[in-house]
*Asks:* 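Just passing along the structure, written as structure tokens.
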Number of protein chains: 2
Amino acid sequence: MQPTANPYHHGDLKAALVAAATRLIEEGGPSSLSLRGVARAVKVSHAAPYRHFRNKRALLEAVAIEGFRDLGKALDTVIAQSPDDPRRQMIDAGAIYVREAIDNAQRAQLMFGGLLQRDDPSPALQDAAEAAFSRCIGIIRRGQRQGVFRPGSSKGLVMAYWAASHGLAMLLINDGFGIRSLEESPEALWRLVADNLLAGLLAPPT
Amino acid sequence: MQPTANPYHHGDLKAALVAAATRLIEEGGPSSLSLRGVARAVKVSHAAPYRHFRNKRALLEAVAIEGFRDLGKALDTVIAQSPDDPRRQMIDAGAIYVREAIDNAQRAQLMFGGLLQRDDPSPALQDAAEAAFSRCIGIIRRGQRQGVFRPGSSKGLVMAYWAASHGLAMLLINDGFGIRSLEESPEALWRLVADNLLAGLLAPPT
DNA sequence: ACCTGAACACCGTTCAAGT
DNA sequence: ACCTGAACACCGTTCAAGT
């Protein structure tokens, strides 16, 4: 037993609060999280969190920021796996985007769901989100340089890619419109979307 | 003055509650809505709503269902405007999807945001959502019959179309990743996405 | 049938006080 | 510096009681 036997009293209460909040959110959704509940979970008084977070929202932001960092790392890993194949990167990055959202569905809800994004943009959160997104831009740009994707302004390509992967992820975690009644795995559904996005919806002009 | 001067006492308290809830949600977001606040807004005791809604969630569902009906009607209008041009229908329907979401951003958050979708699917809500979605399927199918869209199973085309429009709408209402810093109007951004979706991201094989 | 008022067990947040 | 306990103004929900 150290002089500071209780880990929550020598500096990592902050980390413990974020960890507990992340777990509780995954159990009951972001809107069911109570600051008092988090305090109870780490066995601390209900006022203690205020030493480390200005308010409940600040704690939620810390959870979301961690989520964006995790997403960015997952994207980096996947991109590094096929350094010279932008088409493969595009498909794999979208798949991991969808997979990350499903594996941490409630946290993804918090990250993308408007609970935080709406009011004050909170620079730190905004930065973490944009950093994750910047990977998608890189994939498209490299693919254009290699002649894999259509040349010209990358903006439209990036937007379409981004909207499609984000949209599928959101639909899957919300079970929107009964999408889960389709029997395919998330990965198979993303392949379906990605293939159509790559090839286009229009019939070839024969 | 009728014998029942107060409109909330002769049968339309239910409708008044839904209307007030819709307004309050648009002002402060779905998570800030309090049932007591709604009751105050229609000048009724805080227990009165329980005569008409089992709980707070049931009231939120009623608001969301109304939203899906509005969306369905808007899609019908747009589809009817170009009865013989599926390509035009596809573009216009996506634009109206995005526009409806932006014009009722907080209600859209409620409709798509997982606050309701997650736990119990609630058949009535699920049906309203699927009815709105079925319009997209119709557009793609008609386009395939006319040879405008690529033939074969419509599933992949529908999923890509749906994910892209839904994804762009969600990104816009959440200002995700600073998408609003782009200067284009929502309609222009959708056109960018739609054009790339129609033509495909891949470079033509020369 | 429809609404009210009190009551209960929760919240988020603040603040004096303890170590 | 870091945490506690009481306090305040809110919630959602229930229930006896009123008309």
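Here is the naming used below: chain letters follow the sequence lines, and residue numbers restart at 1 for every chain. All of these numbers come straight from a predicted model, not from anything done at the bench.
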*Asks:* Map A/Tyr50 and B/Ser45 onto DNA chain C by nearest heavy atom, then report which one ends up closer to the 5' terminus.
*Replies:*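 That would be B/Ser45.
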*Asks:* Rounded off to whole Å, could you give me the CG-to-P distance for the B/Leu13 and C/dT4 pair?
*Replies:*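 It is 9 Å, rounded to the nearest whole Å.
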*Asks:* Tell me: NZ of B/Lys14 to P of C/dA1, nearest whole Å?
*Replies:* 16 Å
*Asks:* Output the single nucleotide from D/dG12, D/dT4, C/dG12 whose closest atom is nearest the side chain of B/Leu35.
*Replies:*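 Side chain of B/Leu35 sits closest to D/dG12.
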*Asks:* Please write out each protein N/O paired with an N/O of nucleotides 17-19 of chain C under 3.5 Å, distance rounded to 0.1 Å.
*Replies:*
none

*Asks:* Detail all sub-3.5 Å separations between protein N/O atoms and N/O atoms belonging to nucleotides 7-9 of chain D.
*Replies:*
none

*Asks:* If only atom types and distance count, is the side chain of A/Glu26 paired as donor or acceptor with the main-chain N or O of A/Ala105 below 3.5 Å?
*Replies:* yes
*Asks:* Could you give the CZ-to-C1' distance, from B/Arg57 to D/dT13, as a whole number of Å?
*Replies:* 16 Å
*Asks:* Could you tell me whether a side-chain N or O of A/Gln106 sits under 3.5 Å from a main-chain N or O of A/Ile25, the two making a donor and an acceptor?
*Replies:* no
*Asks:* If the condition is side-chain contact (heavy atoms from CB on, under 4.5 Å), which residues does A/Ala108 pass it with, not counting sequence neighbours?
*Replies:* A/Ala101, A/Phe112, A/Ile173
*Asks:* Donor-acceptor pair, B/Gln144 side chain versus B/Gly152 backbone, under 3.5 Å?
*Replies:* yes
*Asks:* Quick test of your reading: applying salt bridge (charged side-chain N to carboxylate O under 4.0 Å, His left out), list the pairs with at least one residue in residues 132-142 of chain B, sequence neighbours left out, ordered by first then second residue.
*Replies:* B/Asp76-B/Arg135
*Asks:* Rounded off to whole Å, could you give me the CZ-to-P distance for the A/Arg40 and D/dT4 pair?
*Replies:* 14 Å
*Asks:* So, the side chain of A/Asn55 versus the backbone of A/Ala58: is there a donor-acceptor pair under 3.5 Å, distance only?
*Replies:*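 Such a contact is found between A/Asn55 side chain and A/Ala58 backbone.
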*Asks:* Output the pairing pattern of DNA chain C as a dot-bracket string, 5' first, Watson-Crick or G-U wobble with both distances under 3.5 Å, | for cross-strand pairs, [ ] for crossing pairs.
*Replies:* ||.|||||...|||||.||
*Asks:* Using whole Å, what does the distance between atom P of nucleotide D/dC3 and atom CZ of A/Phe53 come to?
*Replies:* 12 Å
*Asks:* From the options B/Trp162, B/Tyr97, B/Phe68, select the one residue that forms a ring pair (Phe, Tyr, Trp, His ring centres under 6.0 Å) with B/Phe133.
*Replies:* B/Trp162
*Asks:* Expressed as a whole number of angstroms, how long is the span from B/Lys56:NZ to D/dT13:C1'?
*Replies:* 12 Å
*Asks:* Considering heavy-atom distances to DNA chain C, does A/Gly37 or A/Ala47 have its closest nucleotide positioned more toward the 5' end?
*Replies:* A/Gly37
*Asks:* Verify the neighbour count for atom NZ of A/Lys14: are there more than 12 heavy atoms of other residues, nucleotides or ligands below 6.0 Å?
*Replies:*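 No, the 6.0 Å shell around NZ holds no more than 12 heavy atoms from other groups.
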*Asks:* Quick one: does any side-chain atom of B/Thr77 pair with a main-chain N or O of B/Lys73 as donor and acceptor, under 3.5 Å?
*Replies:*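 Looks like yes, one N/O pair under 3.5 Å.
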*Asks:* To the nearest Å, give me how far apart NE2 (B/His52) and C1' (C/dC2) are.
*Replies:* 7 Å
*Asks:* Would you say B/Ser34's side chain and B/Gly37's backbone share a donor-acceptor pair under 3.5 angstrom?
*Replies:* yes
*Asks:* Do any N or O atoms from the side chain of A/Arg57 and from the backbone of A/Leu116 form a donor-acceptor pair under 3.5 angstrom?
*Replies:*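 Yes; at least one donor-acceptor contact below 3.5 Å.
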*Asks:* Rounded to the Å, how far apart are A/Leu17 CG and D/dC2 C1'?
*Replies:* 13 Å
*Asks:* Tell me whether the OP1 or OP2 atom of C/dT14 has a side-chain N or O from A/Arg54 closer than 4.0 Å.
*Replies:*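 So the side-chain polar atoms of A/Arg54 never come under 4.0 Å of the phosphate oxygens OP1 or OP2 of C/dT14.
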*Asks:* Among all residues two or more places apart in sequence or in another chain, which pass the salt bridge (Lys or Arg N to Asp or Glu O under 4.0 Å) test with B/Arg40?
*Replies:*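 Checked B/Arg40 against salt bridge (Lys or Arg N to Asp or Glu O under 4.0 Å); zero matches.
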